[in-house]
Amino acid sequence: MTLILEGTSENIRKAASRLKSGELAAFPTETVYGLGADATNDKAVASIFAAKSRPVFNPIIVHFTDIEKVKKAVVFNDKAEVLAKAFWPGPLTLILPRRKDTNISLLCSAGLSTLAVRCPSHPVARQLIKTLGKPIAAPSANKSGSLSPTTPQHVLKSLGEKVELILAGGRASVGLESTVVDMTDAEPVLLRPGIVTLEDLRLHIGEVRVETKATNDHPKSPGQLLKHYAPKTPLRLRAVNAKPGEALLAFGTIRFIADGALLNLSERGDLNEAAANLFSMLHQFDSEGHKSIAVMNIPNTGLGMAINDRLRRAAGAQQQKKN
Ligand code: TXA
Ligand code: MG
C-alpha cells in the first residue's frame, strides 16, 4: 500500500528515516514531484532506476539546501556562481564537474564526469533534505518516458506500489521541470528550457548556447535521447480547430467552437499559468480516453519556449512509437 502523507514536520521525519535506511520517498518540489533517495547510497540510487524503469545511462539531479553544500560535491566557476546566487533556491539545475572527493553516488552521474545539482525552494523539499542531513538524488516521480507529476495523485498513478511513501505539498507551482544549464564549458549551454528562461540566463551571464534537441549521438544531456513527457493519447500541435472525438487544449481566447472536451491552459494568455496547468491537463485528458488531443499554438517567447519544448517532445515521442 502506498501512503500519501501531508508534508508536516512529523511526516517529513518519517520520510527522512525511510531515506536514511536506503528506501525511496516521493516529495514535492516547486517544479514537479521528485522520487528521492539518499544521494550518497549506491543501492538506494540504483533502486530509483529500477522503480522508474529508467535507462542506466540517464543521470540524476542531486538536491541540496544551499550553495555551500553544493560546493562540496561539484567544482564551481564564476558564471555558475552568478546563476546560483540569482536563482537558488529555485527551479534551476546546473551541470558542473564532480569533485573527486565527493561521496555522492557515481550512479547519479551515470558514467559522466559531471553532476546535475539544484537547490529547490519548496519548503517540504528543503525540510526533507535538512532532516536527512544529506543531499537527495531525485528524478521526476514518474515512469521513465511518461508525463512528470505535478500532484501526489499523478505520482501514485504512474509509480503505484513502486513508491511506498509520497509526501504531499500541494500542486507544483511551476508545473514544468527545472531549467537545465551545462556550465562545464566556457560557453554555457541550455539543455532543458524551463521557467528560468533563456532571456533570464543571458541577462545574468551573457551568451548562452541552446542545445535542447539531440543533435548528435552523444548529446550533453542523455535524457534528450529519450522519449519524454509523453501522454498515451496522440497530440496534434498548432491546431486551429478540434476534429470530432478530439479534446481541445486551448490557450488564450478561443476563436473557434469545440464540441468535445475543452480545457484552457490560460484564458488570459498567461504563460506562467499555462506552464503550471500543462501536465495536469494532459494527465486529465489522458485519463479520459479521447481519440487525440488538439493543442492550440503557444507563443515561443520566454516561458513559451519551455512549454513548446515539452509539447514537441510529447508529440515526437508518439511519432517514434508509430515508427
Ligand atoms: O525539476 C526538476 O528538475 C525535477 C525535480 C524533481 O527536481 N527533476 C527532474 O529530473 O526533472 P529528471 O531526471 O526527470 O530530469 C533530469 C534531466 C534529464 O534529462 C537528465 O538527462 C539530465 O537532467 N541530467 C541529469 N544529470 C545530468 C548530467 N550530469 N549531465 C547532463 N544532463 C544531466
Ligand atoms: Mg523526468
Side-chain angles (χ1 to χ4, degrees), residues 25-37 39 45 48-49 51-64 73-74 87-98 102 104-122 124-126 128-129 135-150 154-155 158-159 167 169 172-185 188-196 211-214 218-230 275 279 306 309-310 313-314 317:
F27 64 99
T29 85
E30 68 280 16
T31 56
V32 298
Y33 275 70
L35 180 62
V45 176
I48 291 182
F49 287 91
K52 281 181 58 96
S53 307
R54 183 180 180 99
V56 289
F57 59 80
N58 195 6
I60 292 178
I61 300 172
V62 180
H63 299 68
F64 301 78
V74 291
F87 298 105
W88 282 351
L92 175 70
T93 296
L94 302 176
I95 312 285
L96 288 163
R98 280 177 75 95
T102 177
I104 303 285
S105 169
L106 279 165
L107 291 174
C108 297
S109 296
L112 303 172
S113 57
T114 57
L115 196 64
V117 291
R118 108 172 171 94
C119 299
S121 64
H122 195 294
V124 174
R126 296 181 63 74
L128 183 64
I129 304 166
I136 296 180
S140 51
N142 53 277
K143 282 269 177 199
S144 184
S146 59
L147 284 174
S148 288
T150 56
H154 294 160
V155 179
S158 188
L159 292 177
L167 279 179
S173 62
V174 174
L176 288 183
E177 304 87 347
S178 61
T179 303
V180 179
V181 193
D182 185 326
M183 302 300 297
T184 54
D185 291 335
V189 186
L190 174 64
L191 299 179
R192 182 171 72 181
I195 194 163
V196 174
E211 197 184 297
T212 57
K213 273 190 224 126
H218 302 283
K220 277 180 172 283
S221 195
Q224 289 177 325
L225 275 180
L226 304 173
K227 297 174 183 174
H228 245 131
Y229 320 114
F279 288 150
D309 170 79
R310 304 308 190 279
R313 281 167 197 270

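Predicted model, so just to flag it, every value in this text is computed and none were measured. Counting starts at 1 for both ligands and their atoms, following the listed order.
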Short N/O distance, under 3.5 Å, between Lys52 and ligand 1? no
Looking only at non-hydrogen atoms, find the nearest pair between Ala116 and Thr93 and report the distance. CB-CG2, 3.7 Å
Contacting atoms of ligand 1, where contact means under 4.0 angstrom from a heavy atom of Leu112: 28 (C), 29 (N), 30 (N)
Does Thr31, backbone or side chain, put an N or O under 3.5 Å from an N or O of ligand 1? yes
Check each heavy atom of Thr114 against ligand 1 and say whether those closer than 4.0 Å belong to the side chain, the backbone, both or neither. both
Hey, which atoms in ligand 1 end up nearer than 4.0 Å to a heavy atom of Glu177? 1 (O), 11 (O)
To check you understand the geometry: which heavy-atom pair defines the closest contact between Thr179 and Ile195, and what is its length? OG1-N, 3.5 Å
Please state which option from Pro28, Ser140, Pro55 has its nearest heavy atom closest to atom 14 (O) of ligand 1. Ser140
Ligand 1 atoms nearer than 4.0 angstrom to some heavy atom of Gly34 are 6 (C)
As an exercise, identify every atom of ligand 1 less than 4.0 angstrom from a heavy atom of Val32. 4 (C)
Going from OG on Ser113 to CG on Leu96, what distance comes out if it is rounded to the nearest 0.5 angstrom? 11.0 Å
Taking distance alone, with no angle check, do Arg54 and ligand 1 share an N/O pair under 3.5 Å? yes
Which of the atoms of ligand 1 are close to Arg118, meaning less than 4.0 Å from one of its heavy atoms? 1 (O), 5 (C), 7 (O)
Nearest non-hydrogen partners of Ser105 and Val45, listed with the distance: CB-CG2, 4.0 Å
Out of curiosity, Asp185 CG to Ile95 CD1, how far, rounded to the nearest 0.5 Å? 12.0 Å
With respect to the Mg ion (ligand 2), please indicate if Ser140 possesses an N, O or S atom at a distance under 2.8 Å. yes
So which of Ala110, Pro59, Ser178, Ser109 gets nearest to atom 24 (N) of ligand 1, if we judge by its closest heavy atom? Pro59
Just jot down the ligand 1 atoms closer than 4.0 angstrom to any heavy atom of Ala116, in number order. 25 (C), 26 (N), 27 (C), 29 (N)
So, Thr29 versus Arg118: side-chain donor-acceptor pair below 3.5 Å or not? yes
Show the numbers, then the answer: is there a side-chain contact (heavy atoms from CB on, under 4.5 Å) between Lys143 and Leu159? CA-CA 6 Å; Lys143 282 269 177 199; Leu159 292 177; 4.3 Å; yes
Considering all heavy atoms of both residues, which atom of His122 and which atom of Glu30 are nearest to each other, and what is their separation? N-OE1, 3.2 Å
Check Ile48 against Gly36 and note the closest heavy-atom contact, atom names and distance. CD1-C, 4.5 Å
Nearest-0.5 Å distance that lies between atom OG1 in Thr114 and atom CG in Leu94: 12.0 Å
For Ile61, the ligand 1 atoms with a heavy-atom partner under 4.0 Å come out as 3 (O), 8 (N), 9 (C), 10 (O), 16 (C)
Interfacing atoms of ligand 1 (cut-off 4.0 Å, heavy-atom, Asn58): 18 (C), 20 (C), 21 (O)
